[in-house]
Structure formats: C-alpha cells, structure tokens
Amino acid sequence: MLDDNLRASRKTADQRPDLQLSFEFFPPKTDAMEERFWDSITRLAPLSPRFVSVTYGAGGSTRERTLRMVRRITADTGVAAAAHLTCVGATRAEVDAVVQGYAAAGVTKIVALRGDPPEGVGQPFTPHPEGYQNAADLVAGIRRLGDFDISVAAYPEKHPQSADWDADIDNLKRKIDAGATRAITQMFFSNTDFLRYLERARKAGITAPIVPGIQPIHSFKQISGFAERCGASIPGWLAERFEGLEDDPETHALVAAAVAAEQVTELLDEGVTEFHFYTLNRSNLVLALARLLGRRP
Ligand code: FAD
C-alpha cells in the first residue's frame with residue numbers, strides 16, 4: 001500500500017515553488033481543429049504553465065500558422081508562448097527572418113531544432129548549403145539575433161542518428177554551450193531510460209535542466225506510430241496494457257490515465273520538478289496529470 005507520507009508529499013507538490021509545467025501544441029489545420037486548440041489553451045492556461053509551445057511543421061510547412069498561434073497566445077492569454085523552429089531545408093537568412101518575426105510578435109522563447117529531412121529521421125541529414133548545420137549552430141545563430149530563452153531537444157534513448165552515447169551527449173552539451181537554457185526530452189515510456197540519461201548528462205558536466213517530455217497515450221495506435229517514427233521504444237509491458245482495447249475507448253482512456261499518472265508520480269518521487277506535456281491539442285489527460293502533480297487551476 002502507498003505510504004501515507006509519500007501521498008502527502010505528492011499532495012503538497014503545488015506548494016513547491018520549483019514545480020514547472022509546460023504544454024506543447026501543434027498548429028491546427030482546420031477551423032474545427034483550431035476551435036479545439038483554443039479550447040485546450042483556455043482550459044490549460046489557468047494551470048500557470050511556464051510556457052506553452054507551438055511546433056513547427058516538417059521543413060517549415062507551418063511557418064505562418066505557428067507564428068499566428070504564438071502571436072495570439074502572447075497577445076490574448078497572458079501565458080508565455082514558445083515557438084518551435086527548425087533549420088532543415090532553409091537558408092540562414094530565411095531562418096533568421098522567422099526569428100525576427102517571432103521577436104516582432106513579442107515571442108522571446110524558442111524551441112530550436114534541426115528538424116528532419118522530408119523522407120523522415122531514418123534518412124541522412126544534409127544541411128542546406130547556406131543553412132545552419134545542426135541545432136547547436138542554430139542556437140548560436142538565434143543567440144546572435146537577440147536575448148531569447150532557448151530550449152533544445154534531448155533523447156533519453158539516444159537520437160537515432162547519434163553514433164553512440166558519447167556523441168549524443170556531446171551534441172547536447174554543444175547545444176547548451178551555444179546558449180540554450182534547457183533541454184526537453186523526446187517522449188519516453190521507461191523512466192529508467194530518462195534517469196540514466198540524466199546521469200549521463202550530469203556526468204558530462206551538463207547542469208542545465210533536462211525536462212521530461214511526457215506523452216499521454218490518447219490512442220495507443222497513434223502514439224506507437226509516432227514513437228516508431230522518432231526512435232522512442234514502446235516497452236512490452238506497455239503494449240500489453242493496451243492490447244485488445246482498440247474498440248473499447250472507455251477502458252483505453254482509463255488505462256492511458258493510469259499509465260501517465262504512474263509515470264509522472266514516479267518521476268516526482270525521483271525529485272523531478274519540471275514536466276513538459278505533449279498535449280496533441282487536448283486538455284483532459286493533462287489537466288488530470290497536473291492535478292496529480294499538485295497543480296490546480
Ligand atoms: P541535433 O541536435 O542537431 O542532432 C541531430 C543528430 O545529429 C544527433 O544524432 C546528433 O548527435 C547529430 N549531430 C549533430 N551535429 C553533428 C555533427 N557536427 N556531426 C555529426 N553528428 C552530428 N521537429 C520538427 O520538425 N518540428 C518541431 O516543432 C519539433 N519539435 C520537437 C520538440 C522536441 C522537444 C523534440 C525532442 C523533438 C522535436 N522535433 C521537431 C524533432 C526533431 O527535429 C528531430 O528529432 C530531429 O531528428 C533532430 O533534431 P535536434 O534538434 O535534436 O538535432
């Protein structure tokens with residue numbers, strides 16, 4: 001049975017001034033999706049996130065929409081917005097113009113990423129001949145343009161293109177040394193992977209916060225597909241929990257809530273106080289998880 005002291009310490013988590021939440025959204029494509037986007041932002045904003053971030057579609061395909069969303073979040077909600085930005089397939093001048101557009105919209109937080117070639121992460125990456133070489137180079141470029149708060153990506157299971165762990169951690173260090181404030185991780189489902197990664201990074205002298213990226217499993221089929229494409233693994237025990245629930249949405253939703261609750265409360269018990277949630281523009285599960293961490297509207 002769960003120790004009462006442990007439960008009590010979770011209950012008072014909202015009194016921890018160091019508990020920090022951030023929420024990731026993607027720019028909606030249709031009017032109906034946009035309605036859900038704003039509804040979710042409105043429901044999650046009262047949780048006082050440090051920021052909500054809006055992704056940047058592959059190769060800049062959502063450039064205008066990302067800018068429109070972050071501009072409106074900044075102007076209308078009182079919540080800080082962070083805009084994602086990739087450098088794949090673009091010249092430095094094009095990327096710099098996007099950064100200047102963010103600054104003009106009052107957005108000072110950027111999640112700086114390399115991005116993937118159009119064929120996907122499985123294909124080798126070739127920088128644009130006049131472009132930034134990788135995310136570390138992009139961070140340095142953004143720094144030259146102004147005083148931005150920059151987040152970068154980290155990979156608890158190693159980026160699929162890193163030759164080995166040393167190369168992977170060296171790359172994270174280069175991004176932090178170039179001026180990033182924090183790293184946000186790729187989704188992961190084994191907390192052990194995250195804790196080991198943290199240990200590796202700390203041993204390499206990386207002291208910046210490494211924030212776990214939590215992906216609630218709204219649809220096991222969809223999330224498994226995402227995970228496969230980005231090199232995150234689905235542990236056997238997790239697949240078993242969802243096995244046979246394709247046509248049983250109610251049980252699926254309950255299992256999803258239980259799995260995510262277990263993941264965040266375990267991390268909280270390990271002393272983790274910063275969490276980034278991949279919302280997929282939905283609010284329900286994230287609202288419940290924030291409550292478990294002790295944060296209420
Ligand atoms: P980098 O840090 O540049 O690293 C990529 C790989 O290249 C690593 O394996 C690294 O070790 C290697 N590498 C870097 N430099 C060198 C070098 N000089 N020599 C040899 N190897 C090198 N994608 C989008 O398109 N839009 C988004 O909005 C988006 N948001 C994301 C948010 C988060 C929190 C995360 C974790 C990922 C996101 N991605 C997004 C996905 C990201 O673009 C991919 O994971 C991409 O494959 C790597 O980007 P990166 O910034 O980590 O690249």
Side-chain angles (χ1 to χ4, degrees), residues 2-3 5-14 16-24 50 111 135 151-177 180-217 223-224 226-228 230-242 255-278 285-286 288-290 292-295:
L2 187 64
D3 181 79
N5 288 334
L6 186 55
R7 203 180 273 121
S9 77
R10 286 174 180 170
K11 240 190 236 165
T12 57
D14 56 343
R16 294 179 196 186
D18 53 347
L19 183 75
Q20 296 277 6
L21 306 179
S22 52
F23 306 130
E24 184 171 310
R50 170 155 51 193
V111 184
S151 303
V152 291
Y155 301 87
E157 298 181 72
K158 194 159 76 54
H159 187 277
Q161 290 169 337
S162 293
D164 53 32
W165 273 113
D166 285 347
D168 194 86
I169 298 287
D170 280 356
N171 183 53
L172 177 62
K173 190 156 189 325
R174 275 195 297 277
K175 294 194 275 193
I176 300 292
D177 291 348
T181 311
R182 77 186 61 75
I184 300 172
T185 78
Q186 185 56 274
M187 67 171 91
F188 62 92
F189 299 100
S190 157
N191 284 342
T192 312
D193 287 339
F194 173 76
L195 295 168
R196 266 199 215 124
Y197 182 81
L198 210 54
E199 209 178 299
R200 284 191 166 101
R202 299 297 179 234
K203 256 192 201 148
I206 297 168
T207 54
I210 298 178
V211 183
I214 305 295
Q215 176 65 74
I217 305 180
I223 300 302
S224 308
F226 288 167
E228 195 182 336
C230 68
S233 57
I234 301 284
W237 59 263
L238 185 62
E240 271 170 32
R241 285 188 182 180
F242 286 96
V255 172
V259 163
E262 195 174 280
Q263 179 169 29
V264 297
T265 49
E266 245 180 58
L267 290 171
L268 191 68
D269 293 343
E270 290 289 340
V272 174
T273 54
E274 300 184 45
F275 296 85
H276 181 79
F277 289 98
Y278 294 111
L285 266 176
V286 176
L289 294 169
L292 284 175
L293 291 170
R295 181 66 59 85

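Keep in mind that the numbers below use all heavy atoms, side chains included, and drop hydrogens, waters and symmetry copies.
A distance-only check finds no donor-acceptor pair linking the side chain of K175 to the backbone of A180 [under 3.5 Å]. The main-chain N or O of L19 is found under 3.5 Å from a side-chain atom of R295 such that the two form a donor-acceptor pair. With T185 contributing its side chain and G213 its backbone, the two residues share a donor-acceptor pair below 3.5 Å. E274 contributes no side-chain N or O that, together with a main-chain N or O of I184, makes up a donor-acceptor pair within less than 3.5 Å. A donor-acceptor contact shorter than 3.5 Å links the side chain of E157 to the backbone of S233.
When every heavy atom of W165 is checked against every heavy atom of K158, the shortest pair comes out as CH2-N, 3.3 Å. Residues H276 and S22 share a closest heavy-atom pair of ND1-OG, 2.8 Å. Across every non-hydrogen atom of A208 and I176, the tightest pair is CB-CD1, 3.8 Å. Counting all heavy atoms, side chain and backbone alike, I210 lies closest to A201 at CD1-CB, 3.5 Å. Scanning both residues, L268 and F275, for their nearest heavy atoms gives N-CZ, 4.1 Å. In terms of heavy-atom proximity, I217 sits nearest to A256 at O-CB, 3.1 Å.
Atom CG of residue L195 and atom CG of residue L267 lie 6.0 Å apart, to the nearest 0.5 angstrom. Atoms CG and OG, from L172 and S162 in turn, are 10.0 Å apart once rounded to the nearest 0.5 Å. Between the CD atom of E199 and the CZ atom of F194 there is a distance of 12.0 Å, given to the nearest 0.5 Å. If you take CD on Q263 and CZ on F188, they are separated by 5.0 Å, rounding to the nearest 0.5 Å. Put simply, CZ on R50 and OG on S151 are 7.5 Å apart, with the number rounded to the nearest 0.5 Å. Between atom CG of residue L293 and atom CD of residue Q20 there is a gap of 12.5 Å, rounded to the nearest 0.5 Å.
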> Can you check side-chain contact (heavy atoms from CB on, under 4.5 Å) on F242 and I234, steps first, answer last?
Replying inline: CA-CA 11 Å; F242 286 96; I234 301 284; over 6 Å; no
> Does the side-chain contact (heavy atoms from CB on, under 4.5 Å) test come out yes or no for N171 and H159, once each step is laid out?
Replying inline: CA-CA 10 Å; N171 183 53; H159 187 277; over 6 Å; no
>> For N191 and V272: C-alpha separation, side-chain torsions, deciding distance, then whether side-chain contact (heavy atoms from CB on, under 4.5 Å) applies.
In response: CA-CA 11 Å; N191 284 342; V272 174; over 6 Å; no
>> Test side-chain contact (heavy atoms from CB on, under 4.5 Å) on M187 and I223; report intermediate values, then the result.
In response: CA-CA 10 Å; M187 67 171 91; I223 300 302; 4.3 Å; yes
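Using a 4.5 Å heavy-atom cutoff, the side chains of V264 and F277 are in contact. Under the 4.5 Å side-chain criterion, counting only non-hydrogen atoms from C-beta, Y278 is not in contact with V286.
At most 12 heavy atoms of other shown residues, nucleotides or ligands fall within 6.0 angstrom of atom CZ in R196.
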